[in-house]
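Because only heavy atoms are used, hydrogens play no part in the values below, and waters and symmetry mates are left out as well, while side chains stay in. Here is how names work: the chains are called A, B, and so on, in the same order as the sequence lines, proteins then strands, and each is numbered from 1.
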There are 2 protein chains.
Amino acid sequence: MIRIPHERSPQMKGIRQLAEHLDISIGTVSRALNGKADVNEETRKRVLAAAEEFGYVANQSGRSLRQGTTNVIGLMIESSKETVENSDNFFLGVTDGLQSVFSRHNLDLVMLPCPSDEDPYEYLKRMVARRVVDAMIISATQRIDKRIDLLVKAKIPFVALGRSSSGGNFTWIDLDFEGVATCAVDRLVSKGHRRIAIAAPSSEINLGYVFVDAYRKALEKHGIVYDPELVIRVKSSEQGGYRAGDELLQIKDRPTAIILIYELMAIGLYRRLVEAGIVPGRDLAVIGFREEPRARFLQPTLTCFRISLPDLGAALAETLLAGMPVYSEIYHDNAHSRIWPLKLVPAESDAFLMQPEA
Amino acid sequence: MIRIPHERSPQMKGIRQLAEHLDISIGTVSRALNGKADVNEETRKRVLAAAEEFGYVANQSGRSLRQGTTNVIGLMIESSKETVENSDNFFLGVTDGLQSVFSRHNLDLVMLPCPSDEDPYEYLKRMVARRVVDAMIISATQRIDKRIDLLVKAKIPFVALGRSSSGGNFTWIDLDFEGVATCAVDRLVSKGHRRIAIAAPSSEINLGYVFVDAYRKALEKHGIVYDPELVIRVKSSEQGGYRAGDELLQIKDRPTAIILIYELMAIGLYRRLVEAGIVPGRDLAVIGFREEPRARFLQPTLTCFRISLPDLGAALAETLLAGMPVYSEIYHDNAHSRIWPLKLVPAESDAFLMQPEA
DNA sequence: CCTAGTATCGTAAACGTTTACGGAAGGCGT
DNA sequence: ACGCCTTCCGTAAACGTTTACGATACTAGG
């Protein structure tokens, strides 16, 4: 008696049907489609034509199961309320660069949004355990980040956008906070500023730590004593900018310049300054980090630092692939962690960076 | 002779190893993990404990292959340059609502970003052909959208965010453009405005078509003749707002109010108005559609319409599931297309909506 | 004609899981 | 003692691919 434990759909579109129709063995069809060498060029043509005609595409589950690889790369992002409200489409920008590299190797990119009510570590753990992706790109790395230890232990290839002190050795790409901070300070000092404030997120976040540290060193290089009072810890948002303005006004011997670690803060900052009768650019010099399209409409515009999102994405992709056995020899030039430079974009007129002595 | 065509990793973490360790059959382990009824409660405890200990999670490929389902829902988004620069994190906001529903059914959400240099139709075709997702959520639907025909033909369950004239019957959720336009016009008229301009995207886009149509009807309801000159077609961006300001200034018998179809346009509009010596709110009433966090810092704030992104996401998820056989009876209440209402958010002070006759 | 090599293809195992089915064991009523 | 029902578990097929290996046919060299 024949048992039919699993009823199959009547019109199944599998490689089997394709093979039957062509009257070729199923193995040959597979080899033809995958570009193997030992298949007659003429039969390959027939196979490809038939596949095109029937719209056949290999089922990913079957293929993954056999090869032990999914050909999918995951980009983990967090959808916390703060991220939703305040960050721009940073990730959408990098995905384009990622895909430009991945598509050359028939790799697909999926974004994995961690729900705001779930622990990112647990979320990542679930995703890698199910083996739905071959490799991961993680971002918003913390100074100590359990996710890194997890990926290292699970031997999942990954690259991190952002440094971390966790884990042994893994590859990362991070923005050149030191370079930006140094450049900003140098520029302000060269314009005559001595009391330079900085608005940064908590030092728990890697960015908040590294950036302020570089800011301090740059100041000391110019013989300016580091004043902790000038470090304003706020959220990286417009609201944070407004609060930074608040705190700035409280400081006695008011600073003549401020560096914003997140350019969107300028929107809130400007508002608070105007409320207090202070003209941004004239009474207070402002420099923003990471150019943000929405801030281009501020009056006056502010000097900032630009980053090419697609380029960054491509670099991330190549670095990731350099760490994967199959592609390592192709991208071995990128098999190292590195700092991503940013380009200084001076405001149209630097009038707002004038001498405070005037 | 035993052949070993496929070398297996020495320390394979499969259900088989788990079963051997427990000295239970592999089938029972599977049933225990999947919560089937015919398994002793005490053995189930043992299995779950061992799985937890070894960190075992079922391989998704194997499971998908067998069940013919991936338990993954795809959310297709486009990463065109315009989207990256101008839209906010709209999708990140809705993902949270989507996940809140999906997680109840062990469904995972992945975002599928269509590269800007690839045709969205071809991209979607690839994704569904590989059968990597069980269902899709598509957005930014065009008035005629080949993607819809594709999904209908492939019998992939899907829901669209946005109406379309394509395809036979499919379910969609769309924002209540008519309601918003009507409400905005009503409100302005009640304040004494008669010449009301509107800034909208091209009528090729569904939004640009429907919204302006509702605007026209609302005007006629109040006995105001529709003046095509007052319809300003611009991009949905800050830049578009600036250009809208440009065009507005060209209009003879200048309007006293303007409705922005995208609130971010207010940033550019304000700038242009200030350049021309026109005080927004005092000399020109402004209403924005779809509240945008970044515009909250404008002076003066403007009346707008609010939408709860997570709620919208949850509604999308439930509507999608209502169309899938397995879940249809649970969510049958949502098995219909519908209009998503928005809430009017008056500006702090409505002073800017004053009588133009004053 | 014989043999070795090459080009091409078919065969079947294996990937990890789920699940229909059968079977064993025990309880219970007749 | 027998039959029946319930509870629980093991067996093995099946999902759709890929691929190691063997088989065949043909070519070439001797």
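One finds a side-chain N or O of B:Gln67 lying less than 4.0 angstrom from the OP1 or OP2 phosphate oxygen of C:dT19. For A:Arg63 and D:dT18, the shortest distance from a side-chain N or O to OP1 or OP2 is below 4.0 Å.
Partners of A:Arg163 according to the side-chain hydrogen bond (donor to acceptor under 3.5 Å, both in side chains) rule, which considers only residues two or more places apart in sequence or in another chain, are A:Asp174, A:Glu178.
Side-chain N/O atoms of A:Gln60 and A:Ser64 include a donor and acceptor closer than 3.5 Å. In the model, A:Asp145 has no side-chain atom that pairs as donor or acceptor with a side-chain atom of A:Ser166 under 3.5 Å.
Classified by interplanar angle (parallel below 30°, tilted 30° to 60°, perpendicular above 60°), the ring pair B:His105/B:Tyr331 is perpendicular. Relative orientation of the B:His21 and B:Phe54 rings is perpendicular, given thresholds of 30° and 60° on the angle between their planes.
Taken residue by residue, residues 41-59 of chain B places heavy atoms nearer than 4.0 Å to DNA chain D at B:Thr43. In the region residues 18-38 of chain A, proximity to DNA chain D at under 4.0 angstrom, judged on heavy atoms, holds for A:Ile26, A:Gly27, A:Ser30, A:Arg31, A:Asn34, A:Lys36.
Distance, A:Asn71 CG to D:dG16 P: 19 Å, rounded to whole Å. To the nearest angstrom, C1' of C:dA14 lies 8 Å from CG of A:Leu65. One can place CD of B:Gln17 at 13 Å from C1' of C:dT17, the figure rounded to the nearest angstrom.
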Which donor-acceptor pairs under 3.5 Å do the side chains of residues 34-41 of chain B make with protein atoms, sequence neighbours left out?
residue : atom : partner : partner atom : Å
B:Asn40 : OD1  : B:Glu42 : N            : 2.7
B:Glu41 : OE2  : B:Arg44 : NE           : 3.1

Throw together a table of side-chain donor-acceptor distances under 3.5 angstrom for residues 120-138 of chain B, partners on residues two or more places apart or in other chains.
residue  : atom : partner  : partner atom : Å
B:Tyr123 : OH   : B:Pro113 : O            : 3.2
B:Arg126 : NH1  : B:Glu118 : OE1          : 3.2
B:Arg126 : NH1  : B:Glu118 : OE2          : 2.7
B:Arg126 : NH2  : A:Asp108 : OD1          : 2.5
B:Arg130 : NH1  : A:Asp108 : OD2          : 2.6
B:Asp134 : OD1  : B:Thr69  : OG1          : 3.3
B:Asp134 : OD1  : B:Thr70  : N            : 2.7
B:Asp134 : OD1  : B:Thr70  : OG1          : 3.0
B:Asp134 : OD2  : B:Thr69  : OG1          : 2.5
B:Asp134 : OD2  : B:Thr70  : N            : 3.1
B:Asp134 : OD2  : B:Asn71  : N            : 2.7

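Each end of the helix from C:dC1-D:dG30 to C:dT30-D:dA1 gets its own axis from five base pairs, and the two axes differ in direction by 60°, given to 10 degrees.
Looking at B:Leu312 and B:Phe90, their side chains come closer than 4.5 Å, going by heavy atoms from C-beta outward. With contacts defined as side-chain heavy-atom distances shorter than 4.5 Å, the pair B:Trp172/B:Thr141 does not qualify.
In the interface, the side chain of B:Arg66 is not paired with the base of C:dT17 through any donor and acceptor atom under 3.5 Å apart.
Nearest nucleotide to the B:Asn40 side chain, out of D:dC9, C:dC9, D:dC15: D:dC9.
Checked by atom type and distance alone, the side chain of A:Ser139 never pairs as donor or acceptor with a backbone atom of A:Leu161 at under 3.5 Å.
More than 12 heavy atoms of other shown residues, nucleotides or ligands fall within 6.0 angstrom of atom CD in B:Glu329.
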